[in-house]
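Please read the structure below before turning to the comments.
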Amino acid sequence: MRAVILKRLALSVPLVFAVTAITFIFISLTPGDAADAIYGSGNPAAKEAMRQELGLNRPLPVQYGRWAWRALHGNFGKGINDQSPVLHFLKLRVWQSVSLIVGALIVSVAVGITLGVCSAVRGGLIGRVIDVVALLGVALPSFIIGVVLIVLFASIIPLFPATGYVPFTQSPWQWFRSLVLPVVALSLPGIATIARVTRESMLDVLGREHIRTLRLNGFPERTIILKYALKNAALPVVTVIGLSFVGLLSGTVLIEGVFALGGLGSLVRSSATDSELSIMLALVTFFTLVVVFMNLLLDIAYAWLNPRIRLS
Amino acid sequence: MRSTQPVAKTAPFRGGAVIVGTLLLTALLSPSVGAATRKSTKKKTARTTKAVTTTAPATTAPPATVAATVAATTIAAAVNVADPRFIQGAKTGDTLTLGMLTQPNNLSPVLNGNGQLTIFNQPAYAALILRDSNGKALPDLAVKWGYSADKKSYDITLRADAKFSDGTPVDAEAVKGSIELYKKSGAFASTAAAITGVTVNSPTSLSLAMSTPDPTLPYLLSQDGVVGNVYSKKALADPTLMTSGSYGAGPYVLDSGATIAGNTYTYVANKNYWNQSSIHYKKLVIKVIVNSSAVLEALKTNQVDAVFGGDPQTASAADGQPGIDLTFAPTSYDGLWLFDRGGEVCPALKDQKVRQALNTAVDRIGLAKGLYGKYAEPTAVPSSGPGQEGYDPAFETVYPYDPQKAKKMLADAGYPNGFDLPITYVGQPARTRLVQAIGAELELIGVRLKASPAATFPAFVADLQGKKFCGMQLPSSISLNPYTAIGGNFIPGAPLNPFNSSDADLLKLYNSYPTTDDQPAVAKAMTKRLLDLGWNVPVVRTSSIGFVGTNVKGFKITTAEGVVNPTLLYPS
């Protein structure tokens, strides 16, 4: 097990470099730079001075090397437009994103698995409903779901605020209320996918012989489903949770826009369109590390669920 | 330099304000600055603590002539002249929350302050002059301003009691430093080119040395023109501080702890503001909501008190809804810009006949109605609009819609089969709709509009400078003084003139404007010349739109002042 974890962690180092380097190349391929973003087509002298200062005229590998060297020393640089340290931007925004992503992860896992199990056990109508919801969840972009939720549950039935975020420290209740709609909008595609995979996997497991044996031995149905069947059915579900999690990270970019949340997702969008290279690279590093960490957790979950992995 | 609304409408392209601004230097040659200010002084003296002494203007020249601007616009000799932010009988509210569909790149007024983005700077920074919602120039940090008799210097007298939010006094040295900083690193530094030097005469008096008597100074020195914003010593020593903090003498000061750039900007009342009775809220919050449906819902549920910015679709959705007051006024003209007037990349555009044919081929009435409803009107006139200097309604009929005639004009010019016209634009949905509609019209006369949407604003700027495209789509302000607008857009070296097109007649008119005795006539002649040259294909005159809830007063959008000043809003 320890070997698995160490191997994963070792792999994450080249991964971070590869991802940031690719980001660097992609951003440099887009026409225009930070000086264009700030000065438009005016003040060419100030623009050139800025390019010199930021090293935007240097060769790409030099620029990347400079960034990587500093990043290794914990210095992610500062913003170009707003010249605060990059980590300051992340610090200000990270809790909004964490609340949103963790909330959506919990909701999509809990609701997805519950729905999946229910439909596998009860079948029939619930199964079909889940199919429809799954289709909608996948087909409808989350920002459209977000707008519909705002109209329904903030405007017509004013249960929740339409936009914005209230910090937990300010008011836990308002914090919760401010998160309900964005979390629902963000978790819907995940719920749909997880529910479908859970159902398929459960149906498969419930049809197996060892379940029949358990039933014949008089085990209560509840125990059979929750203890034996679900654990056996969990492997593909864990895989799909990992995939959904990555979807949640990218989903925040759109959802934060709709609900006017100032998390990392909206920072991704604005830093990309403003050629804010330092912020973009810090975000990419952060998200890469989060994904690596999540995958590690999933690996541990695999090992726990499947003794063959654990023992090998 | 008012940036026009649509450019900066959504966050991804908020830098748009910058570019347009660069080109569209607004001028406000406020019709009779002196008169306007006198009036306000009279009306508002009640709240000042000491008696107000006003001095009659030195001359009462006809409005909007150079004489009016240039003649010493002596407003008031005493420093206790009226505060334009003061509103008799207004209560102080707790929090004003303003919704914006766009966000600034940063909070530095030097780099960023322009067009609607000045809304983020106006709370914390006071300028020398304040333009009110009718575009009138009123005293702010300056109480008196005007040209010297020889018109070579512009003399400014400051309020003696103003302080920055850090408690240090606003003095002539700070103003000098601020103007010099803007000239060096301001995003629109070229607007201040006529100011060649700043001399401090005393702590409350200074003179600007002028290379030409720029008639647009009252605009430039205002919160809209940005050049007149004044920054504290600390900010002048390290201007980057302003990108994330506030260092001005406005009624509010930024609360950095409660601000998340790009999302929520929180300002609190400035304890050192010189007139506490004209601060209308304890707290001012600007929330950036990029989704126009969400912003409307936020307004309906009282999450925001008013919204600046919005598209015709959102406006139509809000129209008639209880509790939402819709306010809009035409502030921009939109359509195509034909850059390559010398025919370097698109030889056809060298021919004036061809450019005129393009102007004749567009069904402006149909496009305005179909795309914008009541939030736009058809127009063929570049650079100016109704009520503005340089405009004449007769100009609208110069290019009546006639595709047959347009086709014939093209054939006469040697292009019976049309030609390819590559253009660039900022790829937002509303713009794409307009570009496609214009493209469909041009298709009928055989001109193939090859429109390439730029994914980001920096990409758009790169497109413009790369000389790959023969034109672009971009809305441009009509609130500008013609001198500023032409200077920013149509003379060689102007930011929006990448191919450096030049026309001797236009240039002659432009150069004569500051010193002529009849500026309105010269302004009209300039517009007419532009119209005949066919350098642009204006199609519609679009509106800036605002939505106001029931809690706020003072929210007004006009053609002369298309940007709402949050410090002038007060509780209803």
Side-chain angles (χ1 to χ4, degrees), chain A residues 30-47 49-50 78-85 88-89 92-93 96 143-144 146-148 150-151 154-156 158 160-165 167 254 256-263 266-267 269-276, chain B residues 11-23 99 103-108 111-112 184-190 240-241 243-244 259-264 287-291 293-298 300-301 303-304 454-466 495-496 498:
Chain A
T30 59
D33 60 19
D36 287 328
I38 289 184
Y39 286 102
S41 53
N43 207 342
K47 238 164 123 167
M50 185 179 166
K78 52 183 188 170
I80 292 166
N81 285 295
D82 176 339
Q83 301 201 339
S84 312
H88 170 76
F89 294 98
L92 271 179
R93 292 164 167 266
Q96 295 202 29
F143 60 91
I144 293 196
V147 171
V148 171
I150 290 178
V151 171
S155 190
I156 296 177
F160 303 105
T163 58
Y165 171 80
L254 293 172
E256 287 184 11
V258 172
F259 289 96
L261 298 174
S266 49
L267 192 60
R269 193 200 55 225
S270 60
S271 54
T273 51
D274 291 343
S275 303
E276 283 274 12
Chain B
F13 305 109
R14 57 189 183 274
V18 177
I19 192 175
V20 185
T22 311
L23 343 161
Q103 70 193 74
N105 287 333
N106 63 71
L107 283 171
S108 168
L111 290 175
N112 201 39
K184 182 172 152 245
S185 49
F188 318 117
S190 63
T240 59
L241 288 175
T243 59
S244 55
T259 294
I260 296 179
N263 181 255
T264 309
K287 274 179 84 164
V288 176
I289 305 177
V290 290
N291 184 294
S293 315
V295 81
L296 205 56
E297 298 305 326
K300 281 198 239 167
T301 53
Q303 279 202 304
V304 297
T456 63
F457 176 72
F460 177 66
V461 173
D463 276 353
L464 289 191
Q465 293 168 343
L496 265 205

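Residue numbers start from 1 in every chain, and the chains themselves are labelled A, B, ... in the order their sequence lines are given, proteins ahead of strands.
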Region of A:V258 that comes under 4.5 Å of a non-hydrogen atom in chain B: both

Identify which of B:V304, B:L241, B:T301 forms the greatest number of heavy-atom pairs closer than 4.5 Å to chain A. B:T301

As an exercise, state the distance from CD of B:E297 to CD1 of A:I156, rounded to the nearest 0.5 Å. 8.0 Å

Applying side-chain contact (heavy atoms from CB on, under 4.5 Å) to B:L107 and A:D82, what does each step give before you reach the verdict? CA-CA 7 Å; B:L107 283 171; A:D82 176 339; 5.9 Å; no

What residues, two or more places apart in sequence or in another chain, satisfy side-chain hydrogen bond (donor to acceptor under 3.5 Å, both in side chains) together with B:S185? none

Would you indicate whether the side-chain heavy atoms of A:R269 and B:V290 approach each other to under 4.5 Å? yes

Is any side-chain heavy atom of A:Q83 closer than 4.5 Å to a side-chain heavy atom of B:S244? no

Please look at A:T163 and chain B and tell me whether the side chain, the backbone, both or neither of the residue comes under 4.5 angstrom of a heavy atom of that chain. both

Need one label for B:I289: side chain, backbone, both or neither, based on atoms under 4.5 Å from any heavy atom in chain A. both

Sidechain-backbone polar pair: B:Q303 side chain, A:P161 backbone, donor-acceptor under 3.5 Å: no

Work out which heavy atom in A:S270 is nearest to a heavy atom in B:Q103; give both atom names and the distance. CB-NE2, 4.0 Å

Ignoring hydrogens and geometry, is there a side-chain-to-backbone donor-acceptor pair from B:N263 to A:A260 under 3.5 Å? yes

Closest non-hydrogen atom pair, A:L92 against B:T259: CD1-O, 3.7 Å

Applying a strict 4.5 Å limit to non-hydrogen atoms, the region of A:I80 in contact with chain B is neither

Measuring from atom OH of A:Y165 to atom CD1 of B:I260, what distance do you get when rounded to the nearest 0.5 angstrom? 8.5 Å

Looking only at B:S293, B:G99, B:A261, most heavy-atom pairs under 4.5 Å shared with chain A are made by B:A261

Given heavy-atom pairs under 4.5 angstrom as the criterion, report whether the side chain, backbone, both or neither of B:T240 touches chain A. both

Quick check on A:E256 against chain B: is it the side chain, the backbone, both or neither that has a heavy atom closer than 4.5 Å? neither

